[in-house]
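Working notes, beginning with the structure itself.
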Amino acid sequence: MASVKLKAKSIDGGLIEVKALMTHPMETGLRKDSSGAVVPAHYITEVVVTANDKEVMKTSWGGSVSKNPYLSFNYKGAVGDKLKLTWKDNKDGTDTAEVTVE
């Protein structure tokens, strides 16, 4: 199962609306499990989105972002753009999703 659901569509004025849902535990490292042991920190640290290999959005996150984060933004683009989202986490995990703008 992919950890990223990515959608992109053209809206008014040449803008592209991007919506992404990332499946990730996003643990802060501050929570304890039922036995009282600290749950280790595990969270997405960076999200990069490119359109036709040109960066259109980059963000840095920390442990305060909620589980299964949702991201939405617009950029100036066109139908047919090849959109790619990649995330990296603090445990060297990564995932990528790609779509063509509709």
Side-chain angles (χ1 to χ4, degrees):
M1 180 175 129
S3 71
V4 180
K5 292 181 183 177
L6 181 62
K7 293 183 180 183
K9 69 177 182 176
S10 178
I11 58 176
D12 293 335
L15 290 178
I16 305 302
E17 179 181 61
V18 179
K19 295 180 180 182
L21 180 62
M22 292 158 266
T23 302
H24 196 281
M26 300 299 284
E27 288 290 347
T28 65
L30 302 174
R31 191 174 67 83
K32 295 182 180 179
D33 65 15
S34 60
S35 68
V38 174
V39 177
H42 187 198
Y43 52 86
I44 294 172
T45 57
E46 181 180 82
V47 179
V48 177
V49 180
T50 60
N52 302 322
D53 297 321
K54 179 181 176 188
E55 190 174 285
V56 293
M57 195 281 304
K58 182 176 185 178
T59 186
S60 296
W61 287 350
S64 64
V65 176
S66 67
K67 178 179 178 179
N68 301 329
Y70 171 78
L71 177 68
S72 178
F73 68 95
N74 298 333
Y75 77 94
K76 188 89 169 161
V79 171
D81 282 357
K82 302 295 183 193
L83 202 70
K84 179 178 175 181
L85 180 147
T86 301
W87 62 253
K88 297 177 184 177
D89 70 20
N90 68 317
K91 292 186 174 185
D92 295 325
T94 187
D95 200 4
T96 298
E98 296 182 40
V99 297
T100 300
V101 175
E102 298 177 356

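Using modelled atom types, no side-chain atom of Lys58 and backbone atom of Thr50 make a donor-acceptor pair closer than 3.5 Å. Of the possible polar contacts, none joining the Asp33 side chain to the Val39 backbone as a donor-acceptor pair under 3.5 Å is found. Panel note: side chain Asp89, backbone Thr45; no donor-acceptor pair is recorded below 3.5 Å.
When the shell of 6.0 Å around CD of Glu102 is examined, it contains 12 or fewer heavy atoms from other residues, nucleotides or ligands. Taking a 6.0 Å sphere around NZ of Lys9, one finds it holds 12 or fewer heavy atoms contributed by other residues, nucleotides or ligands.
Atoms CG and NZ, from Asp53 and Lys82 in turn, are 11.5 Å apart once rounded to the nearest 0.5 Å. Within the model, atoms CD of Glu98 and OG1 of Thr100 stand 8.5 Å from one another, a figure rounded to the nearest 0.5 Å. Here the CG-NE2 distance, from Asp95 to His24, works out to 9.5 Å after rounding to the nearest 0.5 Å. Considering NZ of Lys19 and CZ of Phe73, their distance stands at 12.5 Å, rounded to 0.5 Å.
Of all heavy-atom pairs between Leu83 and Ala8, the closest is CD2-CB, 3.6 Å. For the residue pair Val79 and Ser10, the shortest heavy atom distance occurs at CG2-CB, 3.6 Å. Nearest approach of Ala97 to Leu6, heavy atoms of both residues: O-CD2, 3.6 Å. Between Lys91 and Pro40 the shortest heavy-atom distance is NZ-CB, 4.2 Å. Nearest approach of Val101 to Ile16, heavy atoms of both residues: CG1-CD1, 3.5 Å.
The same ILVMFWY cluster, assembled from side-chain heavy atoms under 4.5 Å apart, contains both Val47 and Tyr75. Residues Val49 and Val99 fall within the same hydrophobic cluster, defined by Ile, Leu, Val, Met, Phe, Trp and Tyr side chains chained together at heavy-atom separations under 4.5 Å. A continuous path of Ile, Leu, Val, Met, Phe, Trp and Tyr side chains, each step under 4.5 Å between heavy atoms, connects Val65 with Trp87, placing both in one hydrophobic cluster. No continuous path of hydrophobic side-chain contacts links Met57 to Leu15 [ILVMFWY only; heavy atoms under 4.5 Å].
Annotation: side chain to side chain donor-acceptor pair (under 3.5 Å) contacts of Asn74 (sequence neighbours excluded): none. Evaluation of the side chain to side chain donor-acceptor pair (under 3.5 Å) rule for Thr94 yields no partner, not counting sequence neighbours.
Side-chain polar atoms of Thr96 and Thr86 form a donor-acceptor pair below 3.5 angstrom.
Proximity of Ile44 to Met26: side-chain heavy atoms (C-beta onward) are separated by under 4.5 Å at one or more points.
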